[in-house]
Amino acid sequence: MLAVAERIRHFRHLRSYSQEALALSANLNPAHVGQIERGLKCPTIDTLCRIADALGVPVTALLSSAPPSEHAEACAQRIRSLLADVPEDKLEQVLQIMEQVVGLL
């Protein structure tokens, strides 16, 4: 539980969010977010999903035991930003291109 709390805090700090801003974005009570970050409350799956969505990360990023690389996270954020501008009907093509490029590495 403490590892999840640390991951939430880590991603919140990366985005320069306050606990209140995260809570508002996730439609949660700010006190509840604070209790989760301090390891006093165990978040439900629904709450974890809301927090992950608000932070722009997959739920697995909050549950992973591997520490996030700041460079990898910055790159992932850039990719998310670029994908946000891609028309929905073109997302599948972009995904296929990305899979081909990764396959070349």
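In terms of heavy-atom proximity, A26 sits nearest to R50 at O-CD, 3.2 Å. In terms of heavy atoms, I8 sits closest to L48 at CD1-CD2, 4.2 Å. Summarising the geometry of P58 relative to A52, their closest heavy-atom pair is C-CB, 4.1 Å, with the distance given to 0.1 Å. Listed here is the closest heavy atom pair of L2 and G39: CD2-CA, 3.8 Å.
L28 is not listed as a side-chain neighbour of L22, based on a closest heavy-atom distance of 4.5 Å or more. Counting only heavy atoms from C-beta outward, the side chains of V94 and L82 never approach each other to under 4.5 Å. Taking 4.5 Å as the limit, some side-chain heavy atom of I79 sits within range of a side-chain heavy atom of M98. In this structure, E20 and P30 have side chains that are in contact, with non-hydrogen atoms separated by less than 4.5 Å.
Residue pairs satisfying the side-chain hydrogen bond (donor to acceptor under 3.5 Å, both in side chains) criterion with at least one member in residues 87-100, sequence neighbours excluded, are absent.
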Open item on the list: Please determine whether side chain to side chain contact (heavy atoms under 4.5 Å, CB included) holds for the pair V57 and R7, giving the CA-CA distance in whole Å, both sets of side-chain angles, and the decisive distance to 0.1 Å.
Closed with: CA-CA 11 Å; V57 299; R7 307 278 298 164; over 6 Å; no
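In this structure, the separation between CE on M1 and NZ on K41 is 10.0 Å, given to the nearest 0.5 Å. From E6, atom CD reaches atom NE2 of H13 across 11.5 Å, with rounding to the nearest 0.5 Å.
Hydrophobic clustering (ILVMFWY, side-chain heavy atoms < 4.5 Å, transitive): L63 and F11 are in one cluster. Side-chain heavy atoms closer than 4.5 Å link hydrophobic residues (I, L, V, M, F, W, Y) into clusters, and following such links, possibly through other members, connects V4 to L14. Hydrophobic cluster membership is shared by V59 and I36, with clusters built from Ile, Leu, Val, Met, Phe, Trp and Tyr side chains linked at under 4.5 angstrom. L91 and L95 sit in two unconnected hydrophobic clusters of ILVMFWY residues. Membership requires side-chain heavy atoms under 4.5 Å apart, directly or through other members.
The side chain to side chain donor-acceptor pair (under 3.5 Å) test applied to R15 returns E73, Q77, not counting sequence neighbours. Scanning for side chain to side chain donor-acceptor pair (under 3.5 Å) contacts around N27 gives an empty result, with sequence neighbours left out.
Not one N or O on the side chain of R12 forms a donor-acceptor pair closer than 3.5 Å with the backbone of L55. Side chain of R80 to main chain of G56: a donor-acceptor pair is present (N/O by atom type, distance under 3.5 Å, no hydrogens or angles).
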